[in-house]
Amino acid sequence: MPATYGLIDGNSFYCSAERVFDPALHRVPVVVLSNNDGCAIARTPEAKALGIRMGDPWHLVRGRAELRPVRWRSSNYALYGDMSRRVYQVLAERVPRVEPYSIDEMFLDLDVPRDLASFCAGLRAAVLRIAKVPTCVGWGPTKTIAKLANGLAKDHAELGGLCDLTDPAERAAWYQRLPVGEVWGIGSRTQEKLARLGVASIADFIDADPRAMRDLLTVVGGRVQAELRGTSCLPLQMMVATRKGLACTRSFGRPVTRWSEMREAVAAYAHRAAEKLRAEELEACHPAVFMHTDPHAKGERYQHLQHAARIEPTGDSRDLIAEAVRMAEGLWRDGLRYAKAGVVLNDLVPAGQQARLFATREPRASARTMAVMDAINRQHGAGTLRPAATGIARSWSTRRAMLSPRYTTHISEIMQATAL
DNA sequence: TCTGGGGTCCTAGGACCC
DNA sequence: TCTGGGGTCCTAGGACCC
């Protein structure tokens, strides 16, 4: 267990990634929108200064006059994922161990024989120079403290992008000033519960009786409290955790009212989920389907329908489409206006290891067919070859009107230089 | 007209089994 | 008064995270 944990994260990561390849985005407000161009999920400081908040629905802010200078971008996860790998590479060459936590955050083992402030300053500089991404770094004796330090580095420009919470006295001073809701793992609901007990600041929280906190917030809250007190409960996870499940879920571009459209959408989601499964060499034994109406629609009753099934492990798109469509047909109700649907795959097992008692197709033939389809799609672009059930026109599809090119992962979208 | 997608973990109750 | 104990699976909901 390292004595010091660090957390490094990319500043406005998605926006920074967009800026790397588009100089016109420098020094102007940039906002990256969620899938379906629904709401703001990343904002540069210039955009924050204009009052755009996290999660602001695009349709409510797009028309505002003062937001004219904002450059909007649809989210481009192929680009962001690749930029994240570049950041990881830079770090992996410089610290003993790196644990990627999310696309834009990595925990660091900072047991290095160096002065940490200058070492971390060097890390920031290297990531900026090589991966072109501006970052902040925070560190302390536990992951939770490192995360808090990282947040302070981000929020307090005078810290110069670095924050050290190793010293207990300095920590205590911050704990007095910070609301408990700033802590990683304490969300708004928990903050409300604590407020009712008179626990407002982080200092109040760490002074509270641990038993009472465990009773109120379960083992999860107990762990947060211990971590804030300096007792490390969350080790660096170097083994890539085997994932529990994966999903493909989407809001529709407009309400879906016909079964033929829903069938197509569910087939397309099942196929996409199966592709993700195969990319990780996994198979699923417990697929589920859900569909629901618009929870925001006034005067319409919200309806959420879902169903799961046990099947022989498979990664074959055709099997999973058949199962998903069968379940969806059982859920379908005429007369509802569906806003969203999804396919979730649970109970994942390594591909090709399970004995199949009742397999519908010969496993090697299935694997070969899927491998050929995946290879063609890698080479010629996603969706080049796909099951017919997933639809041609896709009238239900999501919107992505302002998508930037996949500069680093698709040769046809690489940046071009032109001499004038 | 219009509000994302994809994860994790925990708890609790009911059915069922031995 | 008191009515087993322990296990799995399923579903649903809550809460959190990025």
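The chains referred to below are lettered A, B, ... by the order of the sequence lines, with proteins before strands, and numbering in each begins at 1. Computed from heavy atoms alone, side chains included, the values below leave out hydrogens, waters and symmetry copies.
Distances shorter than 4.0 Å separate none of the side-chain N or O atoms of A/Thr249 from OP1 or OP2 on B/dG5. For A/Lys147 and C/dC17, the shortest distance from a side-chain N or O to OP1 or OP2 is not below 4.0 Å.
Annotation: C/dT3 and B/dC17 have their P atoms spaced 24 Å apart (nearest Å).
When the nucleotides C/dC16, B/dG6, B/dT3 are ranked by their closest atom to the side chain of A/Ser188, C/dC16 comes out on top. Candidate nucleotides B/dG4, C/dC10, C/dC16 were compared by shortest atom distance to the side chain of A/Thr190, and C/dC16 ranks first. For A/Ala308, counting side-chain heavy atoms from C-beta on, the closest listed nucleotide (B/dG7, C/dT11, C/dC18) is C/dT11. Distance from the side chain of A/Lys193 is smallest for C/dA15 among the nucleotides C/dA15, B/dG6, B/dC10. Of the candidate nucleotides C/dC18, B/dG4, C/dA15, C/dA15 has the atom nearest to the side chain of A/Arg189. Residue A/Arg243 has its side chain nearest to B/dT8 when only B/dG4, B/dT8, B/dC2 are considered. Closest to the side chain of A/Lys276, out of B/dT11, B/dG4, B/dG7, is B/dG7. Among the nucleotides C/dC18, B/dG4, C/dA12, the one closest to any side-chain atom of A/Tyr77 is B/dG4.
Counting to the nearest Å, the P atom of B/dG7 and the CG atom of A/Leu348 are 9 Å from each other. A/Leu217 has its CG atom 12 Å from the C1' atom of B/dC10, to the nearest Å. Protein atom OH of A/Tyr302 is 10 Å distant from nucleotide atom P of C/dG13, rounded to whole Å. At whole-Å resolution of the value, NZ in A/Lys143 and P in C/dC18 are 13 Å apart. We find that CG of A/Leu194 is positioned 14 Å from C1' of C/dC16, with the value rounded to whole Å. For the pair A/Arg62 CZ and B/dC2 P, the interatomic distance rounds to 13 Å; values are reported in whole Å. Between A/Tyr101 atom OH and C/dC18 atom P there is a gap of 5 Å when expressed in whole angstrom units. The separation between A/Phe107 atom CZ and C/dC18 atom P is 9 Å, rounded to whole Å.
Using a 4.0 Å cut-off between charged side-chain N and carboxylate O, A/Asp209 and A/Arg211 make no salt bridge. Comment: A/Arg310 does not engage A/Glu323 in a salt bridge, judged by the lack of any side-chain N to carboxylate O separation of less than 4.0 angstrom. With respect to the salt-bridge test (charged N to carboxylate O, under 4.0 angstrom), the residues A/Arg71 and A/Glu18 do not qualify.
The residue A/Arg310 sits close only to the backbone: its heavy atoms come under 4.0 Å of sugar-phosphate atoms, none of a base. Within the 4.0 angstrom heavy-atom criterion, only backbone atoms of the sugar-phosphate kind lie near A/Ile186; the bases stay farther away. No engagement by A/Tyr80 is indicated, since no non-hydrogen atom pair under 4.0 Å with the nucleic acid exists. At a threshold of 4.0 angstrom between heavy atoms, the contacts of A/Val183 are confined to the sugar-phosphate backbone, with no base atom among them. Residue A/Asp294 is out of contact with every strand shown, counting any heavy-atom pair closer than 4.0 Å. Backbone-only contact: A/Trp184 has heavy atoms under 4.0 Å from sugar-phosphate atoms and none from a base. A/Gly342 comes within 4.0 angstrom of no nucleic acid atom, judged by non-hydrogen atoms across all strands. Looking at heavy-atom distances under 4.0 Å, A/Ser75 makes no contact with the nucleic acid at all.
Seen from the ring of A/Phe107, A/Lys143 counts as a face-on cation partner, given the 6.0 Å and 45° thresholds.
Residue ring and nucleobase are stacked for A/His296 and B/dT3, with a centre distance beneath 5.5 angstrom and an angle between planes beneath 30°.
Positionally, the nearest nucleotide of DNA chain B for A/His59 lies more toward the 5' end than for the other of A/Leu246 and A/His59. Each of A/Arg223 and A/Cys39 lies near DNA chain B, and the nucleotide nearest A/Cys39 is the one positioned closer to the 5' end.
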Tell me, with the steps shown, if A/Arg278 and A/Asp374 meet salt bridge (Lys or Arg N to Asp or Glu O under 4.0 Å). CA-CA 9 Å; A/Arg278 294 194 297 271; A/Asp374 292 339; 2.7 Å; yes

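Checked against the 6.0 Å centroid criterion, the rings of A/Tyr302 and A/His292 qualify as a close aromatic pair.
Base pairing analysis places B/dC18 opposite C/dG5; the two distances defining the Watson-Crick or G-U wobble pair are each below 3.5 Å.
Here the side chain of A/Ser34 pairs no donor or acceptor atom with the backbone of A/Asp37 at under 3.5 angstrom.
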